[in-house]
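To keep things clear, I will list the structure first and then write my remarks on it.
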Amino acid sequence: MTLRRDTICALASGPPPAAIATLRISGPDVRSIIEKRLSKPSLTPRRATLVEVRSDDGAVIDEGLAVLMPGPASYTGEDTLEITLHGGRMIIELALKAFMSAGARLAEPGEFTRRAFEAGKLDLTRAEAVADLIDAESEAQLDQALRQMDGALETLYSDWRIQMTECLALLEASIDFPDEEDAPDRVDGPVAEKINTLLEGLDQALAEGNITERIRDGFRVAILGKPNAGKSTLLNQLAKREAAIVTDIPGTTRDVVEVRLTLGGYLVWVSDTAGLRETDDIVEAEGVRRARQAGAEADVRIWLFDGRDSIETDLVQPGDIMVVNKSDLAAPNVSRDTLLISAREGQGIDRVEAAIVDRLSRLTNNLSAPMITRARHRQGIERAKAHLLTALEHLNSGMGAEFTAEEVRLASRELGSLTGHVETEMVLGAVFSSFCIGK
Ligand SMILES: Nc1nc2c(ncn2[C@@H]2O[C@H](COP(=O)(O)OP(=O)(O)OP(=O)(O)O)[C@@H](O)[C@H]2O)c(=O)[nH]1
Ligand SMILES: [Mg+2]
């Protein structure tokens with residue numbers, strides 16, 4: 001039995017009031033809604049037509065451009081109407097009400113894309129890319145989303161699944177024809193080789209995934225140093241606003257203060273931290289503990305020194321950025337790769353930014369597309385990897401091809417659930433509920 005779908009409608013453009021608003025309707029009742037609520041009873045497919053939208057009592061709500069995209073050649077695969085009206089709150093509300101009284105209901109978050117997925121228009125990785133495209137705030141995020149939209153991840157996962165299927169074919173053959181001359185031994189070698197190649201690929205993707213998740217969620221940059229070095233002043237300069245409190249009292253910052261920036265096309269979270277020192281003050285001591293933690297978790301560390309103090313480098317690691325501050329008060333001799341700035345005067349901030357971007361581009365340089373961007377994918381790949389490792393163990397301990405095959409099958413299932421080829425309602429719900437309404 002095929003379920004008769006209902007018709008959904010939603011505001012697909014940004015929050016009102018705005019110059020214009022695009023409403024979207026998709027489902028079997030689109031044509032009858034057009035007949036009931038628009039001033040033209042039918043529309044030429046894929047052609048923008050000027051129409052009036054009317055409420056159920058016939059009153060004109062607004063006039064706008066409507067485009068009918070008949071299924072299956074539409075985003076959702078169903079008949080879809082997109083209509084652009086003036087972007088006022090009242091107009092949008094009344095228009096949606098008019099569509100609802102003619103048979104539509106309000107869409108849930110991501111429901112249009114979910115229908116596209118269910119109509120086979122895109123796999124789950126591409127559906128996620130749609131959400132990422134919308135959310136992208138930096139060029140690197142956009143690049144990544146576009147690549148995923150292009151099917152880069154889907155291709156990677158299906159290649160892996162094909163290799164797993166080949167493994168299974170070998171194993172099945174040895175199960176079905178056990179009497180063939182030393183059959184198990186003949187397949188063990190090739191199967192182990194295939195599994196090892198797969199594991200290498202999975203491992204590489206996992207290693208790169210750390211970076212790509214950062215591209216999506218933002219890199220972490222921590223400003224560290226002694227009390228009063230000017231860390232909060234530097235943060236405020238980078239943020240171009242007074243995000244953190246600045247005073248001449250050492251130990252002013254206690255909590256980690258984070259600001260979100262885009263630098264050189266990357267999304268970055270910069271955190272200002274408590275000055276590192278021994279202290280009996282329990283609040284400050286907690287601040288120092290958090291500062292150390294922020295430093296340990298950061299992708300890029302900036303060590304800030306007061307130019308009048310001695311420069312201690314015990315905690316500095318290779319790749320960290322060394323910055324000497326208060327150049328207006330003292331300009332000590334520093335090594336070539338140490339930056340000399342005056343945070344208060346706003347001098348040299350651009351060089352600090354450039355140094356951050358330089359570190360980030362080094363991190364992202366060696367990435368081979370395609371890449372994993374979400375924790376969901378990393379976890380799926382990790383589970384697939386665990387099954388493959390168990391498969392190898394079974395193979396090596398001579399457990400029998402059935403056991404090895406079962407693990408390979410489970411690994412393949414994990415990848416299938418990433419693309420949506422093996423569907424589980426839970427996965428679909430989790431993916432689409434993070435979308436915005438109207439998408
Ligand atoms: N002359 C001069 N003073 C600066 C400069 N940068 C910061 N200061 C001053 O140094 C003092 C401390 O600055 P903060 O930014 O609060 O220092 P901090 O490193 O955040 O200090 P804690 O939060 O205590 O760890 C303030 O009085 C700032 O105005 C600078 O470039 N030149
Ligand atoms: Mg501070």
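Both counts, for ligands and for their atoms, begin at 1 and track the order of listing. Keep in mind that what you see is a predicted model, and the values were worked out from it rather than measured.
- Nearest to atom 1 (N) of ligand 1 among the protein's heavy atoms is D328 OD2, 2.8 Å.
- Considering both main-chain and side-chain atoms, I245 never comes within under 3.5 Å of ligand 1 through any nitrogen or oxygen pair.
- Below 30°, between 30° and 60°, or above 60°: for Y157 and H377 the angle between ring planes is below 30°, a parallel geometry.
- With hydrogens and angles left out, the side-chain atoms of S335 and D337 include a donor and acceptor closer than 3.5 Å.
- Regarding atom 6 (N) of ligand 1, its nearest protein heavy-atom neighbour is N325 ND2, 3.2 Å.
- Comparing heavy-atom distances from atom 10 (O) of ligand 1 across R277, K326, R344 singles out K326 as nearest.
- Checking S138 against T262 by side-chain atom types alone, no donor-acceptor pair falls below 3.5 Å.
- In this model, a donor atom of one side chain and an acceptor atom of the other lie less than 3.5 Å apart for S26 and T76.
- Close approach of ligand 1 to G275 (heavy-atom distance below 4.0 Å) involves ligand atoms 25 (O).
- When non-hydrogen atoms are compared, ligand 1 lies under 4.0 Å from the backbone of T233 as well as from its side chain.
- Looking from atom 28 (C) of ligand 1 to the surrounding protein, the closest heavy atom is V246 CG1, 3.7 Å.
- Using a 4.0 Å cut-off to heavy atoms of P250, the atoms of ligand 1 that qualify are 24 (O).
- From the protein, the heavy atom lying nearest to atom 12 (C) of ligand 1 is N228 OD1, 2.9 Å.
- In terms of protein heavy atoms, atom 17 (O) of ligand 1 is closest to G230 N, 3.1 Å.
- Here the shortest heavy-atom pairing between L38 and I83 reads CD2-CD1, 4.1 Å.
- Of all the atoms in ligand 1, the ones that sit under 4.0 Å from a non-hydrogen atom of T247 are 11 (C), 12 (C), 13 (O), 16 (O), 26 (C), 27 (O).
- Assignment of I249 to the shell around ligand 1 is supported, since a heavy atom sits closer than 4.0 Å.
- Among the atoms of T233, none of the N, O or S atoms falls under 2.8 Å from the Mg ion (ligand 2).
- With no hydrogens or angles considered, no side-chain donor-acceptor pair links T125 and Q148 at under 3.5 Å.
- The distance criterion of under 3.5 Å between nitrogen or oxygen atoms is met by A229 with respect to ligand 1.
- Using a cutoff of 4.0 Å between basic side-chain nitrogens and carboxylate oxygens, R126 and D123 are scored as salt-bridged.
- Between R214 and D299 a salt bridge is recorded (basic side-chain N to carboxylate O distance below 4.0 Å).
- Looking only at distances, no side-chain donor or acceptor of S74 sits under 3.5 Å from a matching main-chain atom of G71.
- Remark: ligand 1 atoms within the under-4.0 Å shell around heavy atoms of A343 are 6 (N), 31 (O).
- Geometrically, R24 engages F112 in a cation-pi contact defined by less than 6.0 Å to the ring centre and at most 45° from the axis.
- Only the side chain of L329 comes within 4.0 Å of ligand 1, judged by heavy-atom distances.
- Residue contacts with ligand 1, taken as heavy atom pairs separated by less than 4.0 Å, do not involve L304 at all.
- In terms of heavy-atom proximity, L81 sits nearest to A66 at CD1-CB, 4.1 Å.
- A donor-acceptor contact shorter than 3.5 Å is absent between the side chain of S417 and the backbone of L415.
- The angle T253:OG1 - the Mg ion (ligand 2) - S232:OG amounts to 90°, with values rounded to 10 degrees.
- Ranking protein heavy atoms by distance to atom 24 (O) of ligand 1, first place goes to G251 N, 2.6 Å.
- With ligand atoms numbered from 1 in the order given, ligand 1 contributes 15 (O), 17 (O), 18 (P), 19 (O), 20 (O), 21 (O), 22 (P), 25 (O) to contacts under 4.0 Å with heavy atoms of K231.
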